[in-house]
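Below is one structure, written out as structure tokens; the observations come after it.
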Protein chains: 2
Amino acid sequence: MKIGEMAKKTGCKVVTIRYYEKEGLLEKPGRTEGNYRLYGQDDQERLEFILHCRKHGMQLAEIRKLLAFRDRPQRDCTWITELIDAHIGNVDGQIAALQHLKKHLEELRQRCAGGRNGDNCGIMQSLDSLNACCASCARCAPDAGRE
Amino acid sequence: MKIGEMAKKTGCKVVTIRYYEKEGLLEKPGRTEGNYRLYGQDDQERLEFILHCRKHGMQLAEIRKLLAFRDRPQRDCTWITELIDAHIGNVDGQIAALQHLKKHLEELRQRCAGGRNGDNCGIMQSLDSLNACCASCARCAPDAGRE
DNA sequence: AGTAATGTCTATAGTAGCTGGAGAATCAAG
DNA sequence: CTTGATTCTCCAGCTACTATAGACATTACT
């Protein structure tokens, strides 16, 4: 199949397929007489593997490792478990950071009930001083005592 | 003060300060005879405003708008509330996506109890087929029926 | 057979928000 | 006077793509 067909089958954009090839995640495929890329079932499966990993938020570097393993599986695959665990920890951290951020944003939001004048907009004042919000928050301002 | 001192006071890296200047968020400061940047209290406060906004996950483009307003406050600041609201919605979406991702990762993690052989590593198999995990999940594979 | 529309090719540059390095100049301390 | 720290400018790189331009190939329709 040509690149467009594989793109349609996998839901991946044509440019992204070419990008993955350039990055060495996909092998250089054969070509038609007219220099069009020609893919087979294997290529499609490899691409789907990549897309599944991406769906799980993995980085291309991680996927590269997994692909190498996939190409030549070895006895020990505990590192994969570790990789996934590290990845989960990563995601956990991101969630925590975002939830914390949301709390601050909601506090900030409270400071403006809407329709205020610009001169004494509570939001702007908060962003200026940050004292009501972050100064007292160890996570945001571990060095708050200095200010 | 010179750039290094302001960096230390604000916890912002020197290169980042120069970057903000290049991006027009900070004004071009005066210079010493030896061409070193010289900052005052105003500059520090402006930088802190920027850093506070960044801490709230705002993009530089948004901060640019807020800075323009800060420079010349107008009657109506309802758009700021809207901006914050949109921002909160954004953060909410990110959290939801990450929590969903985490669920999948944990399912994936279950497939390998550790110490398995590479040939039949459950994680790799899942990433290959994705059938146990995502195919049945409307959020991940809205087109799952096609496969 | 001609033509128009679509698909594909390569190459390059841009996105966000910085980070890092090279090589030169300046400055403070001993 | 020398050493080391700081600063300067400029340019390249990071992630994972996306967008654009200009040319060639293929397909569909008349």
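Numbers restart at 1 for each chain; the letters A, B, ... are given by sequence-line order, proteins then strands. Computed from heavy atoms alone, side chains included, the values below leave out hydrogens, waters and symmetry copies. Owing to the predicted nature of the structure, the values given are computational and were not obtained by experimental measurement.
- The shortest side-chain heavy-atom distance between B:Q94 and A:Q94 does not fall under the 4.5 Å cut-off.
- Taking every nucleotide of DNA chain C with any atom under 4.0 Å from a non-hydrogen atom of chain B, the first and last of them, 5' to 3', are C:dG17 to C:dC27.
- How far CG of B:L67 is from SG of B:C53: 7.0 Å, rounded to the nearest 0.5 Å.
- Note that the OG1 atom of A:T10 and the NE2 atom of A:H52 stand 9.5 Å from one another [nearest 0.5 Å].
- Sorted by residue number, the members of residues 12-20 of chain A with any non-hydrogen atom under 4.0 Å from DNA chain C read A:R18.
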Quick one: which protein N/O atoms are closer than 3.5 Å to N/O atoms of nucleotides 27-29 of chain D? Pair and distance per line, please.
none

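- Nucleic acid contact for B:E23: none, since no nucleic acid atom lies under 4.0 Å from a heavy atom of the residue.
- Shown here is B:E27, whose CD atom has no more than 12 heavy atoms of other residues, nucleotides or ligands within 6.0 Å.
- With respect to B:N35, the side-chain contact (heavy atoms from CB on, under 4.5 Å) criterion is satisfied by exactly one of B:R37, B:E33, B:R31: B:R31.
- The two residues A:C12 and A:A7 make their nearest non-hydrogen contact at O-CB, 3.0 Å.
- Counting to the nearest Å, the C1' atom of D:dT15 and the CD atom of A:Q94 are 14 Å from each other.
- Atom CD of B:Q41 is separated from atom CE of B:M6 by 10.5 Å, given to the nearest 0.5 angstrom.
- Transitive grouping of hydrophobic side chains (ILVMFWY, heavy atoms separated by less than 4.5 Å) keeps A:Y36 and A:Y39 in distinct clusters.
- For B:K22 and D:dT9, the NZ to C1' distance is 11 Å, given to the nearest whole Å.
- Taking the salt bridge (Lys or Arg N to Asp or Glu O under 4.0 Å) definition, one finds that A:R54 meets it with nothing, sequence neighbours left out.
- Among residues at least two apart or in separate chains, salt bridge (charged side-chain N to carboxylate O under 4.0 Å, His left out) pairs with a member in residues 79-100 of chain A are A:D85-B:R109, A:D92-B:K102.
- Taken to the nearest 0.5 Å, the CD1 atom of B:I17 stands 9.5 Å off from the CD atom of B:Q44.
- Here the CD1 atom belonging to B:I84 is positioned 12.0 Å from the CG atom belonging to B:N90, to the nearest 0.5 angstrom.
- In the region residues 25-41 of chain A, proximity to DNA chain C at under 4.0 angstrom, judged on heavy atoms, holds for A:R31, A:N35, A:Y36, A:R37.
- Rounded to the nearest 0.5 angstrom, A:L51 CG and A:R46 CZ are separated by 12.5 Å.
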